[in-house]
Amino acid sequence: MEYRYFDNAATTRICDRALEAYEECSRRYFANPSSRHVEGRESRELVTKCRQRIASVLSVQPQSLFFTSGATESIGLVMSSLLWAKRPGRILISSIEHEAVSSWAPILTEKGWKVETLSAPGGFVSPEELERKLDRDVRLVAIMSVNNVLGTVQDTKNLVRIVREKEKEYGRPIFYFADSVQALGKTDFSLKDLDVDGASFSGHKIHGPRGIGLLYLKKGQLQVLSHGGGQEGGIRGGTENTPAIAALAAAFEELEKEDREKITAFNRATREVCRRLSMPVLTPEENSTPYILSVVTKYPSEVALRMLQDLGCLVSSGSACSANERGKAEALLRSAGFGKYAGNTIRISFSRDNTMDDVEVLSSALEEINA
Ligand code: PLP
């Protein structure tokens, strides 16, 4: 059976250019970038150029970008750096963070940090609540740019502004971390405009390969726990994954192929079918990415997923990037105030690989399971 793939928020198909770059680099630049001989120097040059190319897409300084194994590691580098603190303070984490962030809460609590949650009704953090909770002891605020289940887009610019004002008032820095995995390519995302201190990105969410990600650090430095051979400015030791780095640079450049209008048309067509079928759509129309739609079905999400699969459409019963995909998505929906729908929601996520024909097949499948 030919399947139509609507689980792009979980992972995307690697694009041809990234795959070609991966293969070419594996063959031609296999030398270790730390080796002093001519081939090692060529590999080093390649890594440097890739960093520059990505920095140019993101409009940031190359020195602010660090290659990691993925967003989970990028986030872990930032969160674990707090363990160095002699006097733990407070941190604020939104209630809808991916587990790559939220799973740090119990660890940091055990080490004496006070971890407070910022509620996110409907998938949005309230600026007023952030302002209220930002006291003198807060050292870090973690609010993702785009939610992976609901597709809601935070007003990061405004949230950062509030943090900056408090910084001035208290005369001490507050690190604003924005997990931006789902923002890249899916929104008008600009690190330059946002003024965040740190952000995470993942290769496989943007048609790049697995096992490669990025950590952005505005100041280009961080006291990390993990140490090694000093690669990546000492922030992430370990021999560089040169083929994946080359493929990531290609995937970043291919982001210009994203056609938001096309995806918006897919989103509208799907919303229209859901409206006709009286299937509630939890993703709001405003301040959301068109790439992600959370839709309530009359079946438990696992059942709906199977029925749609039998009709040729692959969707997610939640956030497939966690091992217990359904449980985690349900918890997230509950924390966003959608508790009564939590067990019945599926996530439809588009990519530039989808066609209107795919969306028509999906529409028919949704009609059929509702017949
Ligand atoms: N953050 C968000 C919002 C995600 O959707 C994902 C998905 O897996 C991650 C972090 C983790 O990314 P990675 O698979 O690169 O570790």
Side-chain angles (χ1 to χ4, degrees), residues 6-14 18 54 65-80 93-105 118 120 123-125 142-154 156 176-187 189 191 194 196 198-216 226 232 236 238 241 244-245 247-248 251-252 255 283 288-289 291-294 315-333 335-336 345 347-351:
F6 299 100
D7 194 16
N8 291 283
T11 199
T12 51
R13 193 175 63 90
I14 190 167
I54 296 171
L65 296 177
F66 302 89
F67 294 114
T68 64
S69 65
T72 301
E73 187 184 19
S74 305
I75 294 162
L77 286 166
V78 171
M79 301 306 271
S80 61
I93 296 185
S94 95
S95 69
I96 54 166
E97 293 301 298
H98 188 274
E99 311 81 77
V101 172
S102 62
S103 62
W104 282 94
L118 294 165
F124 297 103
V125 168
I143 305 174
M144 70 203 314
S145 308
V146 174
N147 181 259
N148 50 306
V149 175
L150 286 165
T152 45
V153 180
Q154 301 302 323
T156 302
Y176 190 108
F177 184 76
D179 176 11
S180 302
V181 164
Q182 301 287 353
L184 208 55
K186 296 188 173 87
T187 57
F189 178 80
L191 272 177
L194 293 180
V196 297
S200 45
F201 303 98
S202 174
H204 71 100
K205 309 283 183 179
I206 59 160
H207 302 274
R210 308 278 160 82
I212 187 78
L214 270 184
L215 172 62
Y216 162 77
S226 151
E232 295 302 297
R236 201 272 181 170
N241 187 352
I245 289 170
L248 186 70
F252 261 85
L255 282 174
T283 305
S288 64
T289 166
Y291 285 72
I292 297 176
L293 272 179
S294 260
V315 300
S316 163
S317 59
S319 128
C321 30
S322 95
N324 174 9
E325 85 170 46
R326 207 194 68 200
K328 294 290 163 60
E330 283 187 25
L332 186 137
L333 290 170
S335 79
T345 300
R347 179 184 66 184
I348 298 164
S349 49
F350 305 109
S351 84

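Every number for a ligand or one of its atoms is a count from 1 in the order of the listing.
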Below the 3.5 angstrom mark, is there an N/O of Ala71, backbone or side chain, next to an N/O of ligand 1?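 Yes: some nitrogen or oxygen of Ala71 is under 3.5 Å from one in ligand 1.
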
Ligand 1 contact on Glu73 by region, counting heavy-atom pairs under 4.0 Å: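 No part of Glu73 comes within reach of ligand 1.
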
Looking only at heavy atoms, is any part of Thr72 under 4.0 Å from ligand 1, and if so is it the side chain, the backbone, or both, or is it neither?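 Both backbone and side chain.
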
What's the verdict on side chain to side chain contact (heavy atoms under 4.5 Å, CB included) for Leu255 and Leu184, showing C-alpha distance, side-chain angles and the deciding distance? CA-CA 8 Å; Leu255 282 174; Leu184 208 55; 3.9 Å; yes

Atoms of ligand 1 less than 4.0 Å from [X] heavy atoms?
| X | value |
| --- | --- |
| Asp179 | 1 (N), 2 (C), 3 (C), 10 (C) |
| Gly70 | 15 (O) |
| Lys205 | 5 (O), 6 (C), 7 (C), 8 (O) |
| His204 | 13 (P), 14 (O), 15 (O) |

Give a yes-or-no answer on whether the side chains of Ser74 and Ser200 include a donor-acceptor pair shorter than 3.5 Å.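 Looking only at side-chain atoms, Ser200 and Ser74 do not form any donor-acceptor pair under 3.5 Å.
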
Does a donor on one side chain and an acceptor on the other come within less than 3.5 Å for Asn147 and Thr152?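 Thr152 and Asn147 do not have a side-chain donor-acceptor pair below 3.5 Å.
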
Closest to atom 4 (C) of ligand 1 (judged by heavy-atom distance), picking from His98, Glu99, Met144: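 Result: the heavy atom closest to atom 4 (C) of ligand 1 is in His98.
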
Heavy-atom nearest neighbour of atom 15 (O) of ligand 1 within options Ala183, Ser145, Ala10, Ser202: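 Ranked by closest heavy atom to atom 15 (O) of ligand 1, first place is Ser202.
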
Please list, chain by chain and in numerical order, all residues satisfying ring pair (Phe, Tyr, Trp, His ring centres under 6.0 Å) with Phe189, sequence neighbours excluded.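 Ring pair (Phe, Tyr, Trp, His ring centres under 6.0 Å) list for Phe189, sorted by chain: Phe201.
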
Heavy-atom donor-acceptor pair, Ser180 side chain to Ala178 backbone, under 3.5 Å: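 The answer is yes, because a donor-acceptor pair under 3.5 Å joins these two groups.
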
Measure from the side-chain N and O atoms of Thr289 to the backbone N and O of Lys186, and report whether any donor-acceptor pair falls under 3.5 Å.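 Confirmed, Thr289 side chain pairs with Lys186 backbone.
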
Only counting residues at least two apart or in another chain, list the ones meeting side chain to side chain contact (heavy atoms under 4.5 Å, CB included) with Ala336.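 With sequence neighbours excluded, Ala336 shows a side chain to side chain contact (heavy atoms under 4.5 Å, CB included) to Ile96, Leu150, Phe338, given in chain and number order.
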
Is ligand 1 less than 4.0 angstrom away from at least one heavy atom of Arg210?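 Not so, Arg210 does not reach ligand 1.
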
